[in-house]
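So you know, we letter chains A, B, ... as the sequences are listed, proteins then strands, and number each from 1.
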2 protein chains.
Amino acid sequence: METKQKLMQTALQLFADNGYSETSVQEIAKQTGISKGGFYSYFPSKIDLMLEMVDDYHQSIQNITREIDGTKAELASYLHGELEIWIEHRLFFHVIFKELPPKKDETFTKKMEQLHDTLHYHHQEYFYLTYGQQIAPYVTDLVIMLEGIMKEYMMYMMLHDKQMDARQLSSWISRQMDGIVQNLANQKPFLQGDEERTIEQLLEDTKEIVLQYQLSNQQMLLRTIDEINRHIHADRDPFQLELLIHYLKREKVIEIQTIQIEKMWKQGGL
Amino acid sequence: METKQKLMQTALQLFADNGYSETSVQEIAKQTGISKGGFYSYFPSKIDLMLEMVDDYHQSIQNITREIDGTKAELASYLHGELEIWIEHRLFFHVIFKELPPKKDETFTKKMEQLHDTLHYHHQEYFYLTYGQQIAPYVTDLVIMLEGIMKEYMMYMMLHDKQMDARQLSSWISRQMDGIVQNLANQKPFLQGDEERTIEQLLEDTKEIVLQYQLSNQQMLLRTIDEINRHIHADRDPFQLELLIHYLKREKVIEIQTIQIEKMWKQGGL
DNA sequence: GTCTATATATTGATAGAC
DNA sequence: GTCTATCAATATATAGAC
């Protein structure tokens with residue numbers, strides 16, 4: 001098991017340095033200290049190694065939500081968790097953003113899209129949580145700008161071989177986003193956003209995420225979301241809604257959405 | 001000559017789709033309608049085709065300055081020119097930012113660094129011209145954020161196959177930068193910037209650019225810059241300074257710097 | 001599990017006919 | 001100028017010995 005880990009680490013370094021396609025299996029094996037043939041005892045092919053790398057990273061990203069403090073609705077605290085992962089996996093980041101590996105492999109492309117979507121969803125919800133539902137028309141623009149800024153700082157770090165403090169950087173970036181948001185008044189968004197963010201949309205988004213990750217209790221979750229939708233419009237029975245939302249709360253992949261559902265319910269109920 | 005252009009265009013499309021290393025000479029030749037052997041009548045190697053592509057783009061970038069209106073010191077007007085080029089050459093952009101081609105070829109790496117530096121210089125000077133010398137401590141951060149935002153919007157455009165209006169986008173981005181700059185007061189920059197931007201530094205930067213591009217009148221330009229430096233500190237003879245600056249103004253690669261030199265001289269002279 | 005040896009395909013590039 | 005034929009190198013992946 002140790003050799004496999006070592007292979008992945010060596011491969012990551014080589015991919016980051018020279019790119020995926022220009023790194024040969026032979027080179028990976030040689031630098032790990034085994035023969036070319038031996039490589040295939042651990043991975044069925046080169047792309048499968050890459051796929052495992054993506055999976056590892058994707059899992060790290062999903063685990064960020066665990067560390068989120070739901071009460072303090074500040075962009076900085078969300079970004080902090082994410083940036084720590086980025087910095088820790090900065091070599092992987094470099095591979096992903098400096099060379100787009102084989103478009104030909106469909107599995108890979110799909111995995112990358114999922115990773116991208118996961119991040120995108122997270123960021124979108126950060127904004128809603130921090131600035132409220134009124135930034136809905138601008139949310140697409142804000143997410144794009146945030147992602148661009150984060151990537152560029154990461155790139156700067158890589159190229160200049162500087163180490164960055166996740167806390168300082170997240171605090172800096174979120175303050176700049178504050179500046180942008182404050183200045184947004186009366187501006188027309190550049191990209192079309194939703195005119196307003198209704199609870200129906202939020203529930204729909206949550207369902208999509210549940211579908212994306214094939215969770216064991218998928219059916220139960222979908223039913224729960226539907227029930228919430230029904231109760232919100234019908235009786236608004238607080239006891240039942242509390243129960244339903246509590247069930248959703250267990251699921252970390254939709255944690256951010258659940259917090260918002262609760263928020264909107266209680267605000268709407270006043 | 002026409003076949004050569006066609007080869008480059010086909011190659012660009014293939015590079016953008018599948019990446020540089022995963023596009024074979026055979027594929028380029030086949031899609032252009034000639035044989036693999038025929039390819040080598042036009043380019044000595046695959047990397048040489050790529051190098052020519054970079055040169056073409058670099059030239060377009062340098063030509064932007066021509067269209068700048070020096071009197072209207074707005075970030076938007078500068079960005080507009082640049083974004084038009086980006087959008088026009090969006091396939092090239094995709095190649096550059098989605099796959100970093102061979103690190104092994106030194107000529108290529110050098111050309112890419114030059115291109116990056118050129119853009120970086122431009123952006124830095126845009127900020128100085130728009131917001132004045134007092135943003136000096138923040139200029140590195142501002143440039144990074146601007147570049148990140150621009151890249152991300154370009155990426156969004158590519159991935160969603162949407163066309164964007166350069167004027168609208170440049171206007172939007174510059175307004176967001178306004179928001180950031182206005183919010184900057186009392187913040188400590190994240191990356192170290194120059195504490196203040198003196199005219200000596202500006203002249204030094206200008207010299208570096210002159211040295212980077214091997215211009216035919218390099219010696220004359222360097223002498224001129226030195227003379228400006230001398231006169232600024234000594235007699236401040238307006239007639240002679242006017243002459244010297246006028247000579248610099250002809251040179252488009254340092255146009256932005258020249259405008260600023262003139263500005264600082266006249267402000268300092270009051 | 002890891003090695004050596006090998007199979008097979010594809011790459012970038014060259015030589016020489018037309 | 002463009003083709004065909006071919007080179008040498010390298011790639012991923014497999015087979016079978018130990």
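- In this structure, the CD atom of E2(A) is 13 Å from the P atom of dG1(C), given to the nearest Å.
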Contacts table for residues 143-158 of chain B: side-chain donor-acceptor under 3.5 angstrom, sequence neighbours left out:
unit_1  : atom_1 : unit_2  : atom_2 : d
E147(B) : OE2    : H120(B) : ND1    : 3.4
E147(B) : OE2    : H123(B) : ND1    : 2.8
K151(B) : NZ     : E152(A) : OE1    : 3.2
K151(B) : NZ     : E152(A) : OE2    : 3.0
E152(B) : OE1    : K151(A) : NZ     : 3.2
E152(B) : OE2    : K151(A) : NZ     : 3.1
Y153(B) : OH     : D141(A) : OD1    : 2.5
Y153(B) : OH     : W172(B) : NE1    : 2.9

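- Considering only side-chain N and O atoms, Q26(A) lies nowhere under 4.0 angstrom from the phosphate OP1 or OP2 of dT10(D).
- Applying the side chain to side chain donor-acceptor pair (under 3.5 Å) test between E251(B) and each of T258(B), T206(B), N217(B) identifies N217(B) as the sole match.
- Regarding L49(A), its CG atom lies at a distance of 15 Å from the C1' atom of dA13(D), rounded to whole Å.
- For the pair F39(B) CZ and dG1(D) P, the computed distance is 16 Å after rounding to whole Å.
- Note that the NE2 atom of H94(A) and the CD atom of Q13(A) stand 10.5 Å from one another [nearest 0.5 Å].
- No donor-acceptor distance shorter than 3.5 angstrom exists from the side chain of H80(A) to the backbone of A76(A), with no hydrogens or angles considered.
- Computed from coordinates, the M50(B) CE to dG12(C) P distance equals 14 Å when rounded to whole Å.
- For K46(B) and dT14(C), the NZ to P distance is 15 Å, given to the nearest whole Å.
- Near DNA chain C, defined here as any heavy-atom distance below 4.0 Å, the residues from residues 31-38 of chain B are K36(B), G37(B), listed numerically.
- Distance I28(A) CD1 to dA13(D) C1': 14 Å, rounded to the nearest Å.
- Rounded to an integer number of Å, the gap from CD of E22(B) to P of dA11(D) is 14 Å.
- Proximity of a side-chain donor or acceptor of S174(B) to a complementary backbone N or O of S170(B) within less than 3.5 Å is detected.
- K111(A) pairs in a salt bridge (Lys or Arg N to Asp or Glu O under 4.0 Å) with only one of the listed residues (D55(A), D56(A), D117(A)), which is D55(A).
- Taking side-chain N and O atoms only, S24(A) has a distance below 4.0 Å to OP1 or OP2 of dA11(D).
- Listed for the K36(B) side chain is no donor-acceptor partner under 3.5 Å among the backbone atoms of S24(B).
- Screening H58(B), E113(B), Q62(B) against T118(B) for a side chain to side chain donor-acceptor pair (under 3.5 Å) leaves a single residue, H58(B).
- Nucleotide dT4(D) holds its P atom 14 Å from the NZ atom of K30(B), rounded to whole Å.
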Represent DNA chain C in dot-bracket notation, 5' to 3'. Only Watson-Crick or G-U wobble pairs with both distances under 3.5 Å count; pseudoknot-style crossings use [ ] and interstrand partners use |. |||||||.||||||||||
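- At least one donor-acceptor pair under 3.5 Å links the side chain of H89(A) to the backbone N or O of I85(A).
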